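These notes are about the structure you will find just below.
What you see below is based on every heavy atom in this structure, not just the backbone, and it leaves out hydrogens, waters and symmetry mates. None of the values given here were measured: they were computed from a predicted structure.
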Amino acid sequence: MAFVGFLVFGITKWSGYAVGGLVLACFVRLFLGASSSIPLGYAILLVIGLLTAPYFGQTVMWFRPDMIVGLLMAAGSLLIVVSGDWVVRRRTQLLSGVFFGLALLAKPTVFHLTFAVFGVAFLLASVPHVVRKEWRLLCEAWLVTGLLGVLVALPHYYIAATSILTYIWDVVFGAQAEIWTRPVPFWQSAKFYFVDPNYGWPVLGYWYIPTLFVGLVAVVARWLRSEPLLWSRGAAPALLLLATYLLVTIPSFKGPHGFVFAALLISTAALGSVYLTAVLPKPVAWVIPVAALLFGITTFVWPFQLRGGQPDHKFMASRTEILDQAFSAIQALDSSKVMLETTSSVYLNYNNIALKAYEEGQKPLRPASIAMATEENEIRDAISRSDAILAFTPEYTMVFDHLPSASPDVRALTIRLIEESGRFGPPTAIEDKAAGGAALIYKVRGEPPL
């Protein structure tokens, strides 16, 4: 997606937003297709209301695989559970298999969660047919959807399996487990993907309220219409949502991969709204779309406000100024040289400097990092193989402080080892007047001055 975005729109800061918007447009079209039972005007009102949910604003603004894989898992699993014909209709099996494969590709490092969510959907959709002992139909449905999904993703996994599995092991069980896997109290874990200020709230907002409302009203509507509470339209989606919540909540490892719960919750509310709009008498059928629109408008929050209110424009301008200074300090270096990033900073880091280089029509330096390093020998070795170094003083505040290398003591040690190596000239100090401390750009002696 990033490659296509830059290829089509050029190397700009807004290319990611454009591609995210195009992907979101595909899901909107998918929803309009699933809303064929109601007038198009009502479906459009529903779409506008739904797009105010924080999840979709973040899908465009964050350009994260987590947002896309969440939507793919939600669309595919709900298609299996809600369609009612997955076991007997080949087209539904093939389409859900494509969603399964694309979800596996969207974020390979959570393939186990993708398998689990689709596995739950398979089981729930199979229940009525298990009761009727339709074993041949069940085996065909499982094989067609499962094998197609695996075949779509197989080429990538064949090439990247070792790195995927190594990454998962290191992060969850291995060297990085203490950084990323942090047990939290029960209630904090239970509400993590609902109202946590860094995860639940920025993607879900208040949208759990209309989901609960739509679910209850749908049950009442079926009862008043003397309709049976179909497994595929009632209990199965609710159980899929509950299972997904448990799958991302019970493990101590928490992160954006759990956003699939928010995607599934909002998608369930969307399909429930379509059902209610379809069964209401025509004079009042507009109530649900208009209610969704009004709820969305009254609860809407701009994506950049979801993490602490209005942005400070002077502060953000200072981030751009610091980045420009850092780029100026190293742009004279040949692109074959190696730039070492000693720890990860929020705004000033290798990726942003590399993007700046591409924007200026230049090739960036080759990257190296010791973000996980704390041992003196490891730091010395990285320094000896670098041509430029981006380091931060112990007072610098805009670092990802959960990383081992972000410790003030480690930062001070790193600076001392750089200067003791004798390979580098005096650093270019870039003061952060807004947040404190300074970034230091070191270049190997003999390189062109600023």
Side-chain angles (χ1 to χ4, degrees), residues 109 160-184 251-257 322 326 329-330 333 335-354 364-432 435-447:
T109 52
T162 301
S163 62
I164 293 169
L165 295 174
T166 300
Y167 173 84
I168 294 172
W169 179 267
D170 286 346
V171 169
V172 180
F173 305 106
Q176 299 182 33
E178 291 185 4
I179 301 171
W180 304 109
T181 307
R182 297 180 178 179
V184 295
S252 58
F253 182 84
K254 299 289 193 296
H257 63 282
I322 288 173
I330 63 170
L333 294 178
S335 60
S336 64
K337 304 293 186 180
V338 174
M339 176 181 170
L340 177 67
E341 184 179 65
T342 60
T343 193
S344 294
S345 171
V346 182
Y347 297 99
L348 182 57
N349 50 57
Y350 173 82
N351 288 333
N352 282 344
I353 294 174
L365 278 65
R366 293 159 53 202
S369 174
I370 47 173
M372 300 296 172
T374 58
E375 296 296 326
E376 187 170 324
N377 289 339
E378 188 176 354
I379 297 172
R380 283 185 189 275
D381 181 59
I383 291 170
S384 69
R385 292 182 281 106
S386 303
D387 303 289
I389 299 177
L390 171 62
F392 301 96
T393 63
E395 300 80 24
Y396 192 82
T397 59
M398 303 303 293
V399 293
F400 290 102
D401 55 11
H402 59 283
L403 297 176
S405 59
S407 159
D409 291 339
V410 174
R411 280 187 269 165
L413 170 65
T414 302
I415 292 171
R416 177 172 64 81
L417 294 177
I418 294 170
E419 295 179 350
E420 286 180 356
S421 72
R423 299 184 64 240
F424 300 88
T428 300
I430 304 171
E431 290 188 30
D432 189 337
L440 305 175
I441 303 289
Y442 290 90
K443 290 193 301 183
V444 168
R445 293 184 185 278
E447 292 294 344

Thr397 side chain to Ala435 main-chain N or O, any donor-acceptor pair under 3.5 Å?
-> yes

Is a donor on one side and an acceptor on the other found under 3.5 Å between the side chain of Arg445 and the backbone of Phe424?
-> yes

Distance (rounded to the nearest 0.5 Å) between Ile418 CD1 and Arg380 CZ = 11.5 Å

How long is the gap from CG on Leu365 to CG on Asp387, to the nearest 0.5 Å?
-> 7.5 Å

Does Leu403 reach the side chain of Ser344, with side-chain heavy atoms less than 4.5 Å apart?
-> yes

side-chain contact (heavy atoms from CB on, under 4.5 Å) evaluation trace for Met339 with Leu333 = CA-CA 10 Å; Met339 176 181 170; Leu333 294 178; over 6 Å; no

Which heavy atom in Thr343 sits nearest to a heavy atom in Ala406, and how many Å separate them?
-> OG1-N, 3.5 Å

Step by step, would you call Trp169 with Thr166 a side-chain contact (heavy atoms from CB on, under 4.5 Å)?
-> CA-CA 5 Å; Trp169 179 267; Thr166 300; 5.8 Å; no

In sequence, state the C-alpha distance, the side-chain angles, and the governing distance for Thr414 and Arg411, and then conclude on side-chain contact (heavy atoms from CB on, under 4.5 Å).
-> CA-CA 5 Å; Thr414 302; Arg411 280 187 269 165; 5.6 Å; no

Which distance, rounded to the nearest 0.5 Å, do you find between the CD1 of Ile370 and the OG of Ser386?
-> 7.5 Å

Look only at the side chain of Ser384 and the backbone of Asp381, and say whether a donor-acceptor pair between them is shorter than 3.5 Å.
-> yes

Ignoring hydrogens and angles, tell me if any N or O in the side chain of Thr393 forms a donor-acceptor pair with the backbone of Ala438 under 3.5 Å.
-> yes

Is atom CZ of Phe253 surrounded by more than 12 heavy atoms (other residues, nucleotides or ligands) closer than 6.0 Å?
-> yes

Atom of Ala160, atom of Ser163 and distance for their closest heavy-atom approach | O-OG, 2.9 Å

Rounded to the nearest 0.5 Å, what's the gap from CG on Leu348 to CG on Leu390? Could you check?
-> 5.0 Å

Which pair of heavy atoms, one from Tyr442 and one from Ala391, lies closest together, and at what distance?
-> CE1-CB, 4.4 Å

Side-chain donor or acceptor of Ser335 paired with backbone N/O of Pro364 under 3.5 Å = no

Distance, nearest 0.5 Å, that separates NZ of Lys443 from OG1 of Thr428 | 6.5 Å

Shortest non-hydrogen contact from Leu417 toward Ile379 = CD1-CG2, 3.7 Å

Before giving the answer on side-chain contact (heavy atoms from CB on, under 4.5 Å), spell out for Asn349 and Glu341 the whole-Å C-alpha distance, their side-chain angles and the decisive distance to 0.1 Å.
-> CA-CA 7 Å; Asn349 50 57; Glu341 184 179 65; 3.0 Å; yes

Flag if over 12 foreign heavy atoms under 6.0 Å of CD, Glu376 = yes

Would you call Ser345 and Phe392 a side-chain contact if the rule is heavy atoms closer than 4.5 Å?
-> yes

Which atom pair, heavy atoms only, marks the closest approach of Ser369 to Ala371?
-> OG-N, 3.1 Å

Grab the two heavy atoms, one from Val410 and one from Pro404, that are nearest each other, plus how far apart they are.
-> CG2-O, 3.8 Å

Spacing of Ile430 atom CD1 and Asp432 atom CG [to the nearest 0.5 Å] = 10.0 Å

